[in-house]
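What follows is a short report on a single structure.
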2 protein chains.
Amino acid sequence: MSKAVIIRLSKYKNIIKRFKKLGFVKVFSDNIAEAIGGTSAQVRKDFSLFGISGNKRGGYIIENLLEKISEILGKDSLQKAIVVGIGHIGGALVNYKGFENENIKIVAGFDIDPARYKNEKNVRIYPIEQLKDFVKKENIKLGIICVPDIAAQQILELMISAGIRGVLNFAPILLRGNDTVVINNVNLALELENIIYFINVQDKEMQSS
Amino acid sequence: MSKAVIIRLSKYKNIIKRFKKLGFVKVFSDNIAEAIGGTSAQVRKDFSLFGISGNKRGGYIIENLLEKISEILGKDSLQKAIVVGIGHIGGALVNYKGFENENIKIVAGFDIDPARYKNEKNVRIYPIEQLKDFVKKENIKLGIICVPDIAAQQILELMISAGIRGVLNFAPILLRGNDTVVINNVNLALELENIIYFINVQDKEMQSS
DNA sequence: GGCCTAATGTGAATTTTATCACAAAAAGCT
DNA sequence: AGCTTTTTGTGATAAAATTCACATTAGGCC
Ligand SMILES: NC(=O)c1ccc[n+]([C@@H]2O[C@H](COP(=O)([O-])OP(=O)(O)OC[C@H]3O[C@@H](n4cnc5c(N)ncnc54)[C@H](O)[C@@H]3O)[C@@H](O)[C@H]2O)c1
Ligand SMILES: NC(=O)c1ccc[n+]([C@@H]2O[C@H](COP(=O)([O-])OP(=O)(O)OC[C@H]3O[C@@H](n4cnc5c(N)ncnc54)[C@H](O)[C@@H]3O)[C@@H](O)[C@H]2O)c1
């Protein structure tokens with residue numbers, strides 16, 4: 001199943017949750033599409049792909065939908081994560097409360113710099129040397145890399161050796177993993193460049209019309 | 001031109017710059033592909049799409065390549081950006097030095113909370129009321145939204161009314177723009193859920209083999 | 001109960017994206 | 001100078017993703 005479909009499923013889940021909070025019991029593919037900025041056909045196709053079905057004319061029962069989607073996404077249980085590199089970005093993440101809505105909890109931070117070992121509000125920060133033990137003992141599967149690019153590959157390897165299975169990487173370099181680990185990258189400079197390009201395209205289109 | 005191609009072009013540019021720093025004068029499509037984790041055919045196809053050509057058997061002259069790509073990406077000149085919401089994420093961004101390599105400079109921050117108006121190391125933080133004037137006077141085209149989700153749509157509208165043309169949004173909601181503005185979203189919870197899904201898929205595959 | 005309408009579910013068609021594969025050109029060697 | 005090798009550039013092909021379009025079914029109404 002492609003990454004894009006799964007991202008859409010997560011989006012569906014989020015907005016369906018919002019509908020639920022508003023007191024709705026049913027939704028239509030139209031409602032969902034509108035709310036995430038897609039088409040109803042795609043919503044239905046995606047659902048069909050995962051064997052999720054609703055009621056002709058009656059739409060989908062929110063309760064059922066959420067259950068099915070959560071099952072697919074594997075988010076029934078709380079997912080624990082760690083952050084390595086408690087600088088600007090890492091610090092923002094360990095203090096962020098929004099992940100808990102999604103059943104994700106950052107349980108520890110790690111850094112090489114002793115000045116970081118003070119506890120953040122809720123999350124304890126440990127020396128990097130303790131990562132491996134901690135991850136093994138707590139059976140952590142998810143790691144977030146917020147160290148400078150120069151250190152990122154080395155941290156990835158440490159994580160892999162500790163048994164981490166999924167990584168979100170903020171360092172602007174290509175990490176070399178292996179087939180035991182899935183890596184997603186967040187590259188903000190790339191996002192900005194992309195926006196700049198499309199602004200320029202728009203400008204040119206306007207000039208020529 | 002699709003977003004994905006442009007993202008690849010940016011990646012090409014970044015690694016070509018790195019080759020240049022290492023003293024290389026030429027590169028081959030193979031080298032580039034290897035470095036960004038793609039195929040050489042795709043590198044060449046992408047180049048061909050933009051009319052970038054090299055020398056049969058001789059590869060590409062780095063100097064030419066960089067010039068051509070920068071021209072396409074519209075990054076010859078410095079791009080000024082502003083950040084709204086100088087909390088955890090916004091604070092990280094205004095203190096980040098890495099964007100300057102990419103010819104992007106965050107020139108100001110804006111917040112609703114007077115406690116934020118102290119200057120960050122290099123970037124001044126202004127009351128949100130001053131955004132419109134500032135953006136118009138300085139002719140800013142690029143805005144980054146780091147406010148809580150509840151405030152994000154309103155900030156987007158303020159940005160649009162001030163003349164901002166491209167937005168990077170960290171709030172986990174769908175923003176409604178118009179055709180004068182291009183919006184990219186960074187949704188970290190979504191990224192994490194995605195990773196969790198693929199970890200689970202891997203697990204199931206292993207069990208069944 | 002029969003009719004009408006509004007929704008789903010999904011094959012088929014289309015569009016988009018990526019890969020193949022190979023002719024053509026250039027560099028180097030003898 | 002001719003032969004060999006390497007690498008580009010790109011049509012052709014394949015694969016993936018999206019949209020279309022419509023048969024099907026269920027709810028509501030008279
Ligand atoms: N801050 C931003 O806005 C921003 C934007 C885009 C990308 N990034 C990227 O995100 C990453 C983090 O950026 P930041 O601004 O938070 O950096 P930072 O310098 O504020 O923090 C980095 C942290 O990593 C720690 N560290 C360094 N080497 C380590 C190691 N080997 N093991 C453990 N910890 C180590 C440092 O002690 C520090 O606390 C960088 O790769 C950066 O390029 C940051
Ligand atoms: N911090 C994270 O790790 C993280 C992770 C994922 C998503 N996000 C998202 O990024 C956004 C920012 O998160 P954060 O943790 O930096 O939040 P934060 O609470 O630390 O900062 C938000 C800032 O926005 C300012 N603000 C609020 N309303 C405003 C308004 N109307 N105009 C101007 N300024 C206003 C506040 O004064 C504050 O300084 C949120 O939407 C959050 O959901 C953050």
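Just so we're on the same page: letters track the sequence lines, and every chain starts at 1.
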**Asked** So, B:Tyr60 and B:Asn55: side-chain donor and acceptor under 3.5 Å apart, yes or no?
**Response**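 Judged by distance alone, the side chains do not pair up.
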
**Message:** With ring pair (Phe, Tyr, Trp, His ring centres under 6.0 Å) as the criterion, how do B:Phe99 and B:Tyr96 come out once you've worked through the C-alpha distance, each side chain's angles and the decisive distance to 0.1 Å?
**Reply:** CA-CA 7 Å; B:Phe99 292 140; B:Tyr96 185 56; 4.8 Å; yes

Could you tell me the separation between the [atom1] atom of [X] and the [atom2] atom of [N], rounded to a whole number of Å?
X	N	atom1	atom2	value
B:Phe47	C:dA18	CZ	C1'	16 Å
A:Met1	D:dT18	CE	C1'	15 Å
A:Asp30	D:dT19	CG	C1'	15 Å
B:Ile6	C:dT17	CD1	C1'	14 Å
A:Leu49	D:dT18	CG	P	11 Å
A:Ile7	D:dA16	CD1	C1'	17 Å
B:Leu65	D:dT8	CG	C1'	12 Å
B:Ile32	D:dG9	CD1	P	11 Å

**Asked** Taking side chain as C-beta onward, heavy atoms only, is B:Ile144 less than 4.5 Å from B:Ile82?
**Response**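 They are not in contact (no side-chain heavy atoms under 4.5 Å apart), so the answer is no.
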
**Prompt:** Is the shortest heavy-atom distance from the side chain of B:Leu168 to the side chain of A:Leu192 under 4.5 Å?
**Reply:**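 Yes, at least one pair of side-chain atoms sits under 4.5 Å.
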
**Request:** Assess whether side-chain contact (heavy atoms from CB on, under 4.5 Å) is satisfied between B:Asn194 and A:Ser10, documenting all intermediate values.
**Result:** CA-CA 8 Å; B:Asn194 195 252; A:Ser10 289; 6.0 Å; no

**Test: A:Glu63 and A:Lys20 ion pair at under 4.0 Å** =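 Yes, A:Glu63 and A:Lys20 are salt-bridged.
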
**Item:** Salt bridge flag under 4.0 Å for residues B:Lys132 and B:Glu157
**Value:**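 Answer for the salt bridge query: no.
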
**Prompt:** So which one's nearest nucleotide on DNA chain D is more toward 5', B:Ser48 or A:Arg8?
**Reply:**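 Nearest-nucleotide comparison on DNA chain D picks B:Ser48.
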
**Prompt:** Of the nucleotides C:dA7, D:dG9, D:dA17, which has the atom closest to the A:Ser2 side chain?
**Reply:**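 Nearest listed nucleotide: D:dA17.
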
**Under the salt bridge (charged side-chain N to carboxylate O under 4.0 Å, His left out) test, residues paired with B:Lys17 that sit two or more places apart** =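 Scan of B:Lys17 (salt bridge (charged side-chain N to carboxylate O under 4.0 Å, His left out), adjacent residues dropped) gives B:Glu102.
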
**Message:** Mind checking if B:Ser40 touches a base, just sugar-phosphate, or nothing, with heavy atoms under 4.0 Å?
**Reply:**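 The residue B:Ser40 makes no contact with any strand.
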
Please write out each protein N/O paired with an N/O of nucleotides 12-14 of chain C under 3.5 Å, distance rounded to 0.1 Å.
from: C:dA12; atom 1: N6; to: A:Lys45; atom 2: NZ; distance (Å): 3.4

**Request:** Starting from the 5' end of DNA chain C, give me the residue, A:Tyr60 or B:Ala4, whose nearest nucleotide shows up first.
**Result:**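 It is A:Tyr60, whose closest nucleotide lies nearer the 5' terminus.
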
**Request:** Go through the steps for B:Phe134 and B:Tyr126 under the test ring pair (Phe, Tyr, Trp, His ring centres under 6.0 Å), then give the verdict.
**Result:** CA-CA 9 Å; B:Phe134 186 98; B:Tyr126 300 90; 5.3 Å; yes

**Request:** Report, as a single string ordered 5' to 3', how protein heavy atoms within less than 4.0 Å touch nucleotides 22-30 of chain D: B base, S sugar-phosphate only, - not at all.
**Result:** --BBBB---

